[in-house]
Amino acid sequence: MHHGLPRQAPGSDASTRRLLSLCGPLPERPRVLDLGCGPGRSALLLAAEAGAGGAEVTAVDLHAPFLEELRAAAAARGLGDRVRTALADMGSLTGEDFEDGCFDLVWAEGSAYILGFDAALARWKRLLAPGGTLVLTECQWTVPGPSAGARAFWDPHYVLRTTAGNLAAAQAAGYRVLGVHHLPDADWAEYYGPLAERVRTLSGAESPAMAAALAATREELDVRARHGHEYGYTGYVLRPVTAGDGGAWPARPETAADAAAVREVNLAAFGTPLEADLVDALRTDDSWLPGLSYVAEAPDGSVAAHALLTRCEVDGVPALALAPVATDPAVQCSGAGSSVVRALLAAARERGESLVLVLGHPEYYPRFGFVPASHFGIRAPFEVPDEAMMALVLDDSVPVPAGTVGYPAPFGV
């Protein structure tokens with residue numbers, strides 16, 4: 001039923017290019033692994049456009065006819081020397097062609113669900129070369145409360161999460177997030193349009209297996225027509241955490257037993273009691289959010305770094321303020337601070353928060369995705385350099401408010 005169709009999942013050349021752009025600079029001729037490639041629409045684009053002059057693509061699928069289609073298309077486009085196909089199980093890649101660190105870019109549009117998002121993150125990380133990037137698209141809920149009809153279809157097949165849930169899973173698996181792209185409805189039309197036309201030409205009389213496949217596909221098309229506004233595909237561009245990004249510093253929510261150590265870390269980091277006193281004052285303020293004060297642990301279990309998010313507002317719209325962030329001077333520049341910030345931001349995403357603001361060093365916070373808040377029309381309630389007041393959008397499905405930041409009373413502004 002799927003032979004000859006251009007795609008085996010929602011997507012488009014425009015979305016492939018957008019995800020590629022979020023990867024940042026690549027080697028001149030990157031080594032790309034396209035997993036679950038199908039007939040190879042993405043593999044062909046990556047072979048032609050990734051890097052300075054196209055990539056060397058290894059395309060993996062378990063369906064030999066798809067690989068035959070891809071080889072023919074690559075030859076027709078003059079890309080036969082850049083695309084190599086492999087009939088293999090993307091969940092258990094072995095042999096010298098799939099050794100650890102072999103690829104600059106691992107790509108999986110519409111195929112990670114076969115393993116499951118978490119399993120794909122875990123199994124494919126080893127394939128990446130230092131500085132390598134994993135790109136995958138995942139189906140997920142786009143509304144906070146999916147209807148019973150949508151759940152009746154999806155829950156028995158695959159457990160969908162939200163953007164916040166998938167981002168938290170990625171960070172927990174040891175990745176930092178380079179970018180997120182929500183595929184537009186037009187990407188579904190590129191997949192379902194040809195598929196629906198194919199379904200209309202088939203009767204199911206060919207075999208019991210074909211009849212069952214047709215029934216399942218018709219149900220899928222019907223659910224999309226009725227509930228498509230409740231779910232969609234999102235692309236994630238991820239890079240494994242490396243030395244200096246905090247991988248050696250496990251982070252967790254603080255407990256009551258950590259309070260004294262958190263104070264000591266803030267005193268040591270800033271050399272004055274102001275930040276330590278601020279944390280203590282925020283603990284008793286209405287802006288305190290249980291579960292959003294995090295610590296990074298040293299190998300001996302002591303507190304090495306601390307980061308805090310509390311409730312603030314932008315012209316009355318709830319947001320989060322990241323402050324303070326403190327690292328024991330003895331372990332500064334080791335990644336402990338990065339570890340605690342990444343874990344804290346992942347926790348905020350998981351809770352469904354949409355916007356974080358920070359006043360800080362403009363050469364440090366962009367590594368977490370922060371950009372000047374002025375890009376959104378957000379300003380501090382006092383004069384600060386434009387590049388020092390920064391914002392991070394955790395959920396781009398929520399409109400970003402413009403206006404002046406209102407800090408909790410303990411900040412004294």
Side-chain angles (χ1 to χ4, degrees), residues 1-23 32 34-50 55 57 59-61 63 65-74 76-77 79 83 85 90 105 107-114 117 120 135-142 150 153-154 157-158 160 163 166 179-202 213-214 216-237 396-397:
M1 182 168 57
H2 289 266
H3 290 171
L5 297 181
R7 293 188 176 275
Q8 301 303 311
S12 65
D13 289 351
S15 284
T16 299
R17 290 189 176 100
R18 174 58 180 156
L19 291 167
L20 183 59
S21 74
L22 293 172
C23 296
V32 177
D34 187 2
L35 295 170
C37 64
R41 189 72 172 263
S42 298
L44 293 168
L45 189 149
L46 295 168
E49 300 183 17
V57 178
V60 172
D61 207 282
H63 191 55
F66 285 156
L67 300 179
E68 291 171 8
E69 288 183 45
L70 173 53
R71 287 192 294 270
R77 299 186 187 196
L79 299 171
V83 177
T85 62
M90 65 182 182
L105 186 59
W107 199 274
E109 284 193 56
S111 59
Y113 79 94
I114 296 171
F117 189 74
V135 176
L136 68 172
T137 63
E138 175 76 346
C139 195
Q140 59 185 43
W141 298 121
T142 56
F153 174 78
W154 277 106
H157 293 90
Y158 190 71
L160 302 188
T163 299
N166 284 327
V180 175
H181 171 63
H182 298 288
L183 275 62
D185 287 343
D187 284 17
W188 286 82
E190 284 214 21
Y191 171 48
Y192 276 152
L195 180 59
E197 183 61 32
R198 176 66 56 82
V199 166
R200 283 191 287 271
T201 68
L202 299 172
L214 279 171
T217 302
R218 287 176 179 134
E219 180 188 15
E220 182 181 340
L221 293 169
D222 180 64
V223 169
R224 182 64 190 176
R226 290 185 290 115
H227 299 288
H229 62 288
E230 300 180 61
Y231 60 91
Y233 261 89
T234 295
Y236 295 91
V237 182
D396 59 12
S397 70

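Only a predicted model underlies this, so the values are computations on that prediction, with no experimental measurement involved.
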Indicate whether any N or O donor in one side chain lies under 3.5 Å from an N or O acceptor in the other, for S15 and D187. yes
Let me see the working for F117 and Q140 under side chain to side chain contact (heavy atoms under 4.5 Å, CB included), right down to the final yes or no. CA-CA 11 Å; F117 189 74; Q140 59 185 43; over 6 Å; no
Donor-acceptor side-chain pairing of Y192 and E220 below 3.5 angstrom: yes
Give a yes or no on whether the backbone of L35 and the side-chain of S111 come within a donor-acceptor separation of less than 3.5 Å. yes
Applying the side-chain hydrogen bond (donor to acceptor under 3.5 Å, both in side chains) criterion to T85, which one of R71, E68, E69 satisfies it? R71
Output the distance between atom CG (D61) and atom CG (L70), rounded to the nearest 0.5 Å. 9.5 Å
Decide side chain to side chain contact (heavy atoms under 4.5 Å, CB included) for Y158 and E138; before the verdict, give the C-alpha distance in whole Å, the side-chain angles of both, and the deciding distance to 0.1 Å. CA-CA 11 Å; Y158 190 71; E138 175 76 346; 2.6 Å; yes
Between P39 and Q8, which heavy-atom pair has the shortest distance, and what is it? CD-CG, 3.6 Å
For the residue pair H227 and Y231, is the inter-centroid distance of their aromatic rings smaller than 6.0 Å? no
Is there side-chain contact between Y236 and V135, with heavy atoms separated by less than 4.5 Å? no
OH (Y113) with more than 12 external heavy atoms under 6.0 Å: no
Under 3.5 Å: donor-acceptor pair, side chain of T217, backbone of L214: no
Just do the side chain to side chain contact (heavy atoms under 4.5 Å, CB included) check on L183 and S12 with the steps written out, would you? CA-CA 9 Å; L183 275 62; S12 65; over 6 Å; no
Between C139 and L160 the two heavy atoms that sit nearest each other are O-CD2, 3.4 Å
Can you tell me how far the CZ atom of R224 sits from the CD atom of E230, to the nearest 0.5 Å? 10.0 Å
From L19 atom CG to W107 atom CH2, the distance as rounded to the nearest 0.5 Å: 5.0 Å
Looking at R7 and D13, is there a salt bridge between them, counting it only when a charged N and a carboxylate O are closer than 4.0 Å? yes
Looking only at non-hydrogen atoms, find the nearest pair between L22 and H181 and report the distance. CD1-CB, 4.4 Å
Identify the heavy atoms of L67 and A59 that sit nearest to each other, and give their distance. CD2-O, 4.0 Å
If you round to the nearest 0.5 Å, how far is CD of E109 from CG of D34? 7.5 Å
Which heavy atom of T142 sits nearest to which heavy atom of G232, and what is that distance? CG2-N, 3.6 Å
Nearest 0.5 Å please: distance from the SG atom of C23 over to the CG atom of L46. 8.5 Å
Rounded to the nearest 0.5 Å, how far does CZ of R41 lie from CG of L5? 11.5 Å
Between T234 (side chain) and H182 (backbone), is there a donor-acceptor pair under 3.5 Å? no
